[in-house]
Protein chains: 2
Amino acid sequence: MSSPKPTHSLPLVMAALDNPHRMRILAALRSSSNYVSQLARDLEISRPLLIMHLKKLEEAGLVSSGLEVSADGKAMRVYQLEDFDIRLTPDEVARAAAKLPKD
Amino acid sequence: MSSPKPTHSLPLVMAALDNPHRMRILAALRSSSNYVSQLARDLEISRPLLIMHLKKLEEAGLVSSGLEVSADGKAMRVYQLEDFDIRLTPDEVARAAAKLPKD
DNA sequence: GTTATGTGTAATAAATATATTACATGTGTA
DNA sequence: TACACATGTAATATATTTATTACACATAAC
């Protein structure tokens, strides 16, 4: 049994979700974890581009990754979805806004 | 008694909230509605810039506006917060991703 | 050794988003 | 008339994000 982590940075999450590719990536990782090259083929985007997007998602804590070694000995970076449940309300936004750097 | 509208476009909301100014604008409008020039002074940003940000917030349905006439006869555009309560989960993101244009 | 697969990153180009400046209009008051 | 304060927008500059291309390295199979 897993539970969503409560410590997401709202600005990072907003930045992460503000992109159609990254929404599709999260959708794709729901069914199962996947490694970068395969995920790039599935989503039909280039691997460097996918890596850039995955980095943003990982920084926001929405996905995580680790190195695994395949049956035939190749190192593969596998990404998995981090469960999350974030509520967006005016109060939550205000709370996040208060934490922003002054200028 | 007011209730959050259920029909927010997730992409538009994400785009709207992905900016520190716009988070502060929402925070500021919580306590009370305000007209553009005053809000610009309160937040210490230029009026054209504020207008640009308000436009994005309005497109996302997070604020609304109307023209009011002040006591001394000046037309003022008053913005008010639209209440919202949006839940961000992998399933919700996937649901939004499925509605995105194919390419 | 060559081919196919995986990893990683750096340099660059293109597209968007952000921010400023300048100007236009209208109203009420000194 | 001139001033203060409100509206609106257009043109431009700057910054950031997105996307591509080109590398480098490693392992397994032919």
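A note on names: the letters A, B, ... follow the listed sequences, proteins ahead of strands, and every chain is numbered from 1. Values below: all heavy atoms of this structure, side chains included; hydrogens, waters and symmetry mates excluded.
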### Message
Whole angstroms only, please: what is the CE-P distance between A:Met76 and C:dA4?
### Response
20 Å
### Message
Considering only residues two or more places apart or on different chains, which pairs with a residue in residues 58-78 of chain A satisfy ring pair (Phe, Tyr, Trp, His ring centres under 6.0 Å)?
### Response
none
### Contact list for DNA chain C against residues 45-59 of chain A - heavy-atom distance below 4.0 Å
A:Arg47, A:Pro48, A:Ile51
#### Entry: Summary of ring pair (Phe, Tyr, Trp, His ring centres under 6.0 Å) pairs that have at least one residue in residues 25-46 of chain B, sequence neighbours excluded
none
### Query
Could you give the CG-to-P distance, from B:Asp18 to D:dT16, as a whole number of Å?
13 Å
#### Entry: C:dA19 - base-pair partner by Watson-Crick or wobble geometry, distances under 3.5 Å
D:dT12
### Query
B:Val36 versus B:Met76: any side-chain heavy-atom pair under 4.5 Å?
no
### Task
Give a yes/no on whether any side-chain N or O of B:Asn19 is located under 4.0 angstrom from OP1 or OP2 of C:dA17.
no
#### Entry: B:Leu39 CG - D:dC5 P separation (whole Å)
17 Å
### Task
Step through the shown structure and confirm whether more than 12 heavy atoms of other residues, nucleotides or ligands are within 6.0 Å of CZ on A:Arg87.
no
### Query
With distance as the sole test, does B:Ser64 use its side chain to make a donor-acceptor pair with the main-chain N or O of B:Gly61 at under 3.5 Å?
no
### Query
For the pair made of CG in B:Asp72 and C1' in C:dA30, what is the distance, rounded to whole Å?
14 Å
### Task
Quickly work out the A:Arg41 CZ to C:dA4 C1' distance and round it to whole Å.
11 Å
### Task
Enumerate the residue pairs fulfilling salt bridge (Lys or Arg N to Asp or Glu O under 4.0 Å) with a member in residues 71-81 of chain A, sequence neighbours excluded, ordered by first and then second residue.
A:Asp72-A:Lys74
### Task
Give, for atom CD of B:Glu92 and atom CD1 of A:Ile86, the distance between the pair rounded to the nearest 0.5 Å.
12.5 Å
For residues 46-58 of chain A, which side-chain donor-acceptor pairs fall under 3.5 Å, sequence neighbours excluded?
from, atom 1, to, atom 2, distance (Å)
A:Ser46, OG, A:Leu49, N, 3.3
A:His53, ND1, A:Arg22, NH1, 2.9
A:Glu58, OE1, A:Tyr79, OH, 3.3
A:Glu58, OE2, A:Ser65, N, 3.3
A:Glu58, OE2, A:Ser65, OG, 3.1

### Message
If you assign each of A:Ala15 and A:Gly73 to its closest nucleotide in DNA chain D, which residue comes earlier from the 5' end?
### Response
A:Ala15
### Summary
Within residues 25-37 of chain A, those residues having any heavy atom closer than 4.0 Å to DNA chain C are A:Tyr35, A:Val36, A:Ser37
### Task
State, with a plain yes or no, whether a side-chain heavy atom of A:Leu26 is found less than 4.5 Å away from one of B:Pro90.
no
### Query
C:dG6, D:dC5, D:dG8: which one has an atom nearest the side-chain heavy atoms of A:Lys74?
C:dG6
### Task
Answer yes or no: does a side-chain N or O of A:Arg77 lie under 4.0 Å from OP1 or OP2 of C:dG6?
no
